[in-house]
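Encoded as structure tokens, the structure appears first; notes follow it.
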Amino acid sequence: MSTSETGSGLPAVQAPIDRKRQPSGDEARGRAMRAAISLIAEKGTAALRMSDIAARAGMSTGHILYHFGKKDRLLLEVLVWSQADLWERFRQAADQAASPAEKLDLFIRFYLPRHQGDERYALWTQVLAQRHDDASRQVLTELLDGWDERLEAILREGRELGHFADVDLREFTIRAVAMLSGLSEDVMFGRSRWRHASAHAFALSALERELRPTGRT
């Protein structure tokens, strides 16, 4: 589920706060993160307040602060949670793909923001802009590396099957992800060049040209 999906499309309803039974552990964290995702879809990350999350989750602000401490930590955990969901959906889609070329197409679709203001990408931008301690930096590094690892796996499969050219996997991955990141910033900013053109089609065409085996047209 992307962060913009809120079910039926009706306004989200705030759960009543039962101060006698505040959720604990995983239940509390899950409720808080689901509330944060729905609010990010409505208000963006900058306007997000811990008190709003508490009200949406039917919890007290103190209870939210107890579990997450501050907004920055909550946003990081929401990002991890959201990314795990995105990668599971990507895995399911890739498992149905008939070829490495189809997997590459899927990778680009899952990487790029779907539209200007895409909530998942906005969350990435907000979290990356924060100051991080060593533990948070390690978490973010693992998330970023996860994109590289998935693309390298697709490239390796395509190369071994003879579908892709014999490229240097690491070097190609670095350049490809850098290009996708730049395109993502363009889309999020609303650059006019993408109003009547597809960033996905542009990226796919560029990568396919480099990956085309010698002799194929």
Can you find a side-chain donor-acceptor pair between Gln96 and Gln92 that sits under 3.5 Å?
-> no
Would you call Asp72 and Arg131 a salt bridge, using N to O less than 4.0 angstrom?
-> no
Tell me, yes or no, whether the heavy-atom count around Phe202 atom CZ, taken from other residues, nucleotides or ligands under 6.0 Å, exceeds 12.
-> no
Run the salt-bridge test on Glu149 and Arg156 with the 4.0 Å N-O cut-off and return the result as yes or no.
-> no
Does one side chain, of Ser82 or Asp85, offer a donor that lies under 3.5 Å from an acceptor on the other?
-> no
Any side-chain heavy atom of Val78 sitting closer than 4.5 Å to one from Val127?
-> no
Any chain of hydrophobic side-chain contacts (each under 4.5 Å) joining Ile174 to Leu128?
-> no
Report yes or no: do Gln116 and Trp194 form a side-chain donor-acceptor pair below 3.5 Å?
-> no
Short question: side chain of Ser205, backbone of Ala201 - any donor-acceptor pair under 3.5 Å?
-> no
Between Arg31 and Ala57, is there a donor-acceptor pair closer than 3.5 Å when you use the side chain of the first and the backbone of the second?
-> yes
Could you tell me the separation between the CG atom of Leu76 and the OG atom of Ser136, rounded to the nearest 0.5 Å?
-> 5.0 Å
Do other residues, nucleotides or ligands put more than 12 heavy atoms under 6.0 Å from the CG atom of Asp134?
-> no
Salt bridge (charged side-chain N to carboxylate O under 4.0 Å, His left out) against Arg137, all qualifying residues, sequence neighbours excluded = none
What is the distance from atom CH2 of Trp87 to atom CG of Leu143, rounded to the nearest 0.5 Å?
-> 5.0 Å
Are Glu42 and Arg56 within salt-bridge range, i.e. N to O under 4.0 Å?
-> yes
Is the backbone N or O of Met188 less than 3.5 Å from a side-chain atom of His115, with the two atoms forming a donor-acceptor pair by type?
-> no
Could you tell me whether the side chain of Glu88 and the main chain of Ala84 form a donor-acceptor pair under 3.5 Å?
-> no
Measure the CD-CZ distance between Glu152 and Arg159 for me, rounded to the nearest 0.5 Å.
-> 9.5 Å
First locate atom CD1 of Ile154, then atom CG of Leu207, and finally report the distance between them rounded to the nearest 0.5 Å.
-> 10.5 Å
If you measure from NZ on Lys103 to CZ on Phe110, what distance do you get to the nearest 0.5 Å?
-> 13.5 Å
Could you walk me through whether Phe90 and Tyr111 pass the side chain to side chain contact (heavy atoms under 4.5 Å, CB included) test, one step at a time?
-> CA-CA 10 Å; Phe90 171 74; Tyr111 191 101; over 6 Å; no
Report yes if the side chains of Arg170 and Asp148 come closer than 4.5 Å at any heavy-atom pair, otherwise no.
-> yes
Using a distance-only test with no angle check, is there a side-chain donor-acceptor pair under 3.5 angstrom linking Gln130 and Gln126?
-> no
Taking NZ, NE, NH1 and NH2 as the nitrogens, is one of them in Glu210 or Arg175 under 4.0 Å from a carboxylate oxygen of the other?
-> yes
CZ of Arg34 to CH2 of Trp81: how many Å apart, nearest 0.5 Å?
-> 5.0 Å
Testing Leu140, Leu74, Val139 for side-chain contact (heavy atoms from CB on, under 4.5 Å) with Leu79, which one passes?
-> Leu140
Salt-bridge contact Glu208-Arg212 (side-chain N to carboxylate O under 4.0 Å) | no
If we ignore angles and hydrogens, is there a donor and acceptor under 3.5 Å between the side chains of Ser60 and Tyr66?
-> no
